[in-house]
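To start, the structure under review is shown below, and the notes come after it.
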Amino acid sequence: MEEIKITCKQIEELKLKAQQHKGKPGPLMPTLQDAQNIMGCVPKEIQMLISEELNEPVAKINGIISFYAQFSEIPKGKKVIGVCIGTACYVKGSQKILDLMVKELGIKTGETTDDHQFTLEATRCIGACGLAPVMSINEEVHGKLVTSTAKDILDNARSEN
Amino acid sequence: MIKSKAELMKKYQQTKDKIENRKGKIDLKKREVLVCTGTGCMSSKSKKIVANLEEAIAELNLDVEVHGTGCLGFCEKGPIVKIMPDDTFYSQVKVSEAKEIVTEHLLNNRIYTKKLYVNPLTKQKVEKTKDIPFYDNQVRIALRNCGFINAESIDEYIGTKGYQALELSLTKSPDEVIEVVKASGLRGRGGGGFPTGLKWSFAKNNTGQKYILCNADEGDPGAFMDRSILEGDPHAIIEAMAIGGYAIGANYGYVYVRAEYPHAVERLNIAIEQARAEGLLGENIFGTEFSYDMEIRLGAGAFVCGEETALIASIEGDRGMPKTKPPFPANKGLWDAPTIINNVETYAVIPQIILNGAEWFKKIGTEKSSGTKVFALGGKVKNTGLIEVPMGITLRKIIEEIGGGVTKGREFKAVLTGGPSGGCLTKDHLDEIVDFDRLTELGSMMGSGGMIVLDDFNCMVDIAKFYMDFIVDESCGKCTPCREGTAAIHKMLADITDGKATIADLVELEKLCKMVKSTSLCGLGQTAPNPVLSTLRYFKDEYLEHIEEKRCAAGVCDGLISELFITDKCIGCTLCAKNCPVSCIAGERKELHVIEKDKCILCKDCFTRCPVGAIITR
Amino acid sequence: MIKLIINGNQIEVEENTTVLKAARELGIEIPTFCDDDRLSKQTSCRLCIVEVEGTDKLLTSCNLEVKEGMVVNTESEKVRIALKINLSLIWAGHPNDCMKCGKSGECKLQDYSFEYDVDAEPIYSVRKEAIAKNATNHFFEIDPDKCILCGKCVRICSEQVGVGALGFKNRGQETYVSFGNDNFEDAGCVSCGSCVSVCPTGALLNKTADKYRNWDVDKVRTTCSYCGVGCQMELVVHKGKIVRVDANEEGSNRGLLCVKGKYAFNFINHRDRLTTPLVRKNGKLVEATWEEAYAKINQKYLEFKGESNSFVGFSSARCTNEENYLFQKMFRQVFKTNNIDHCARL
């Protein structure tokens with residue numbers, strides 16, 4: 001696994017954000033979301049830092065991080081592949097697309113490849129049901145997939161890395 | 001800054017003509033191009049189409065504006081480009097074709113027929129949007145501006161009588177506003193169908209600090225109307241929440257949006273900034289005593305946060321775990337203050353109700369479910385997309401007329417409504433009407449408006465298992481029946497699809513479903529067994545087939561399939577052989593084909609491809 | 001006052017009383033894991049469900065307020081079926097370990113399973129992965145596999161103790177109770193053991209070298225001797241030895257203790273503990289009888305009578321307030337000195 005690299009600048013940025021949120025009610029979620037955005041993950045050390053900044057028990061912070069799918073204690077891959085398994089996509093065969101990705105990347109859903117290039121996620125409806133089945137690579141959405149086009153898209157993403 | 005009715009009307013007059021021209025009601029001799037920049041079309045590079053159109057127009061020095069709009073609904077045919085006021089509808093436009101559209105249509109005044117929509121029934125090309133069957137039978141209130149105005153322009157919103165409902169509300173007393181909403185019969189579009197006006201009056205009767213919330217944590221996998229409204233008409237939500245804030249006495253609002261909807265968040269943020277700059281949010285709105293402001297809070301990926309008490313917990317900065325009711329949020333909600341939560345679609349119709357009156361809204365729909373409902377039509381139906389129809393429309397009209405029927409000539413099997421909390425309806429129900437109460441009576445529910453059509457290649461037990469898998473993943477884990485019960489239900493269903501279950505298990509399954517339904521803490525758990533109970537009700541024979549014959553006729557349940565076999569119904573069309581990824585099908589043209597069992601990988605490609613249904617699983 | 005009928009018995013209770021409490025007044029014990037008067041309502045175990053006439057749904061009695069004319073049934077067929085399924089679901093993910101579990105005999109899951117005929121062989125299958133025990137605390141350990149997620153430990157720590165060292169982690173079936181971010185050191189835990197006191201199952205248990213069964217002990221109620229708060233506690237005695245201290249919920253401490261009251265009882269059986277008075281003989285303190293000791297005090301008093309500054313009294317914080325009061329009274333009145341102190345500066 002790749003080591004988590006966090007710079008002083010990132011920490012300063014987070015501290016600033018935390019202080020800004022602290023002035024408003026309910027500062028915990030926005031601060032954690034900022035941490036996730038700034039660092040790509042919220043490791044234990046950062047949880048301790050936020051605990052001190054916002055004066056909240058670390059158990060509570062850890063509880064929130066582990067509750068919501070958006071947060072991660074370890075960094076995600078450079079590209080996050082999300083295969084939609086919402087109902088509209090599922091009934092049109094998105095499970096096959098997901099199975100293909102699992103096979104191609106050699107990882108399970110929710111995992112990151114050893115070279116840290118890809119994270120595979122099974123997402124629940126990104127709201128592009130008209131294009132079912134769909135998958136997304138970071139924020140880019142690809143629709144009306146069949147296994148062969150999905151493979152092409154993956155190969156394309158690989159070549160970009 | 002807009003500080004009075006006169007200033008609003010002045011602004012309205014400035015853009016009204018442009019809007020009327022776009023509608024074709026007046027003729028300013030000016031064309032506009034609308035490009036869908038909803039998430040669906042954007043994934044097909046519609047932003048690039050906008051850029052290319054603008055570039056081509058600039059090159060030719062034409063006086064034509066290009067607008068990125070919200071979702072036009074007909075996602076199946078995206079990306080969509082419309083020329084107004086001609087109402088020309090170009091579908092599946094490629095980035096490279098933008099320039100040709102400009103030269104052909106805008107410069108040479110010729111319809112660019114290559115990209116016109118073809119009516120699948122008549123095989124005729126259709127020029128105008130209004131002549132496309134998909135848009136027939138639709139009544140657009142919540143979606144009225146989606147795909148029609150530039151979603152990032154407050155001026156265009158004002159040009160469609162935007163913020164006039166807020167201004168009008170502020171001349172009435174809060175009680176009068178609530179009375180209008182009550183009289184309209186509007187019921188919550190998020191799924192529960194609770195009368196909105198009544199809910200507002202509960203909060204109104206409380207004192208002190210109050211909040212108004214918008215639930216945009218759209219989680220039903222297969223529904224995306226909330227996202228489309230936020231992307232296509234964000235000001236309508238801001239206006240409606242301000243009206244709600246005035247009615248109940250709240251001066252602050254939060255919109256809780258899924259983080260998975262970046263475009264919706266961006267557009268809503270732009271809209272909030274614009275409204276603030278115009279003084280439509282902030283202190284003393286329209287020069288009255290009323291002050292109101294709002295902000296966005298992002299969800300973080302938890303379906304259960306669509307439950308209102310969980311949503312509140314999440315905004316407060318806690319795990320999104322539902323709390324027991326009572327106390328209801330209208331009495332004790334966000335930070336213990338009286339709080340009203342409505343869903344995006346509910347808000348989207350409120351300004352129209354205020355402007356046009358309760359009677360106007362009540363006339364649409366059925367007696368107990370007035371108005372329209374937006375559905376995300378998906379699955380095995382030809383025209384997938386977002387539709388808005390009056391309540392009381394039949395399922396047949398939605399599926400066959402708007403949806404264009406089942407794809408690939410397959411047989412309609414069922415339609416799922418209400419997502420993981422709902423159930424299924426069969427072909428016997430096609431002539432049933434769609435409204436809150438009828439769907440519930442039939443064992444399904446309205447839910448947030450997902451409508452997924454299934455054909456005979458879908459297995460109902462598998463669908464029930466699919467939904468239960470979703471619930472097991474999304475259960476917050478607080479109460480025992482939902483946390484452990486849904487996992488046990490999932491395991492029982494898996495046993496059935498693996499051929500390991502007995503008839504006795506089916507009895508236990510039903511017993512367990514009823515227990516989870518009657519004892520779970522929140523709506524998520526209480527409705528979680530619905531897909532199982534509903535499929536058991538209408539497709540019991542399919543369950544029995546899995547258990548007794550160890551057979552899945554739809555060919556979905558891998559655990560029950562040991563081989564694919566070609567029967568003598570085979571006409572020798574060679575389609576299966578040509579497409580087999582491992583080339584294990586042999587046979588001459590017009591002769592019976594045979595599958596080489598040892599080489600077959602059971603991918604079932606041939607099974608779904610065979611035009612005469614000659615291939616069976618066993 | 002509100003009149004209602006529970007299981008055919010009429011009862012009159014104050015407004016805002018819950019059905020659970022009203023039933024308790026009638027001597028009807030409704031099962032519950034997560035309800036606790038001292039804590040916020042979680043209503044998550046769903047065991048306290050009752051059937052109310054006129055309502056289709058089963059309602060949780062812990063947060064259901066009584067209403068005039070309410071007719072409640074706590075033992076209907078519907079309730080018993082739902083309870084058996086509920087307990088069977090918990091049992092399906094619980095280790096079958098009662099034979100050697102330290103909680104056996106005092107475990108609510110065990111008691112309710114007996115009451116509602118839960119089969120030993122689980123009838124359901126829930127996909128649960130085992131989570132490792134956390135034994136990093138000096139005094140107790142947590143075994144998430146035995147946890148039923150009633151959340152009492154989490155709530156008592158944040159709401160009553162005011163620390164918030166415990167929290168729920170993950171969601172759905174993967175939820176478990178953890179300290180801090182799975183790291184005991186960072187959790188801020190003060191080891192008061194209140195979480196252990198409220199745990200209805202064997203998920204949070206004291207570490208102990210003593211082997212005893214819960215039906216084989218005596219419980220002696222006493223007052224904590226460490227400070228002046230006067231916390232009420234029960235010494236759990238097995239074969240003449242204190243093996244555990246339970247907090248008593250009736251005292252002013254309402255079931256809370258600090259780390260000293262809860263866990264610092266080893267001195268009682270410690271080999272260095274003084275069990276007799278010591279008298280200095282030939283410059284050395286040696287064990288003596290109380291008669292010898294009193295005689296010595298008497299002798300010294302007579303010897304130095306009138307020289308009040310020659311006396312000093314030193315008392316112990318382990319004595320009760322009354323004993324210490326009498327002790328200082330004796331020194332001030334009899335020995336005529338203010339040279340009096342004690343060790344209650346812990």
Side-chain angles (χ1 to χ4, degrees), chain B residues 300-305 309-310 318-327 468-495 500-501 504-505 507-522 524-526 528, chain C residues 32-35 40-51 55-60 62-65 78-94 109 122-129 147-151 154 158 167-177:
Chain B
F303 173 73
V304 68
C305 288
T309 56
D318 215 330
R319 293 161 62 87
M321 299 206 287
K323 290 194 184 87
T324 186
K325 290 190 267 192
M468 206 44 69
D469 185 54
F470 176 80
I471 294 293
V472 171
D473 266 7
E474 295 296 340
S475 164
C476 79
K478 185 173 180 178
C479 78
T480 317
C482 179
R483 183 184 65 240
E484 311 292 346
T486 56
I489 294 172
H490 184 268
K491 179 69 173 53
M492 286 172 146
L493 292 170
D495 282 350
K500 292 181 198 154
D505 292 338
V507 180
E508 284 299 321
L509 174 65
E510 199 163 345
K511 215 168 107 185
L512 179 57
C513 284
K514 284 183 178 156
M515 179 268 181
V516 173
K517 203 174 157 71
S518 64
T519 62
S520 286
L521 194 159
C522 81
L524 182 125
Q526 285 161 12
Chain C
T32 173
F33 283 133
C34 68
D35 184 68
S40 62
K41 296 270 179 229
Q42 189 171 284
T43 65
S44 67
C45 75
R46 317 306 280 177
L47 278 188
C48 67
I49 44 166
V50 295
E51 206 171 343
T55 319
D56 220 20
K57 275 208 279 187
L58 294 169
L59 304 171
T60 47
C62 68
N63 67 329
L64 179 67
E65 286 185 8
K78 206 171 157 186
V79 169
R80 286 193 75 92
I81 289 174
L83 278 178
K84 183 175 175 177
I85 295 178
N86 187 319
L87 291 162
S88 303
L89 283 168
I90 292 175
W91 184 238
H94 194 94
L109 178 60
I123 52 171
Y124 300 111
S125 166
V126 293
R127 52 173 192 197
K128 204 168 219 172
E129 279 176 33
C147 174
I148 53 155
L149 297 171
C150 70
V154 175
S158 67
F168 289 114
K169 181 155 179 160
N170 295 339
R171 73 169 179 226
Q173 275 231 305
E174 290 166 9
T175 311
Y176 67 93
V177 169

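Convention: sequence-line order gives letters A, B, ...; per-chain numbering from 1. Only this structure's heavy atoms are used, side chains among them; waters, hydrogens and symmetry mates stay out.
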Quiz prompt | Side chain to side chain, C/Arg171 and B/Lys478, heavy atoms closer than 4.5 Å | solution =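 They are not in side-chain contact.
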Quiz item: Any side-chain heavy atom of B/Thr480 within less than 4.5 Å of one from C/Ile148?
Solution: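 B/Thr480 vs C/Ile148: side chains apart.
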Side chain, backbone, both or neither of [X] within contact of chain B (heavy atoms, under 4.5 Å):
X        : answer
C/Phe168 : both
C/Asn86  : both
C/Thr175 : side chain
C/Lys169 : backbone
C/Ile81  : side chain
C/Ile49  : side chain

Quiz item: For B/Lys325, what residues pass the salt bridge (Lys or Arg N to Asp or Glu O under 4.0 Å) criterion, not counting sequence neighbours?
Solution: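 By the salt bridge (Lys or Arg N to Asp or Glu O under 4.0 Å) rule, B/Lys325 matches B/Glu307, B/Glu308.
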Quiz prompt | Qualifying residues under salt bridge (Lys or Arg N to Asp or Glu O under 4.0 Å), relative to B/Asp495, sequence neighbours excluded | solution =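 Applying salt bridge (Lys or Arg N to Asp or Glu O under 4.0 Å) to B/Asp495 gives B/Lys491.
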Please report the interatomic distance [atom1]([X]) to [atom2]([Y]), rounded to the nearest 0.5 Å.
X        : Y       : atom1 : atom2 : value
B/Ser520 : C/Arg46 : OG    : CZ    : 7.0 Å
B/Cys513 : C/Ile85 : SG    : CD1   : 10.0 Å
B/Ser518 : C/Leu59 : OG    : CG    : 10.0 Å

Quiz item: Between B/Lys517 and chain C, which part of the residue has a heavy atom less than 4.5 Å away: side chain, backbone, both or neither?
Solution: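 Answer is neither: B/Lys517 stays 4.5 Å or more from chain C.
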Quiz item: Any donor-acceptor pair under 3.5 Å linking the side chain of B/Arg319 with the backbone of C/Asn170?
Solution: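 Between the backbone of C/Asn170 and the side chain of B/Arg319 there is a qualifying donor-acceptor contact (under 3.5 Å).
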On a heavy-atom basis, which atom in [X] and which in [Y] lie closest, and how many Å separate them?
X        : Y        : answer
B/Glu484 : C/Gln173 : OE1-NE2, 2.8 Å
C/Ala82  : B/Thr519 : CB-CG2, 4.1 Å
C/Ser44  : B/Leu521 : CA-CD1, 4.1 Å

Self-check item: Interface residue of largest heavy-atom contact number with chain C, from B/Cys482, B/Gly477, B/Cys522, under 4.5 Å
Solution: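 When all of B/Cys482, B/Gly477, B/Cys522 are compared, B/Gly477 has the most.
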Quiz item: Of all of C/Lys41, C/Gln42, C/Glu174, which one pairs up most often with chain B through heavy atoms under 4.5 Å apart?
Solution: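 Highest number of pairs under 4.5 Å: C/Gln42.
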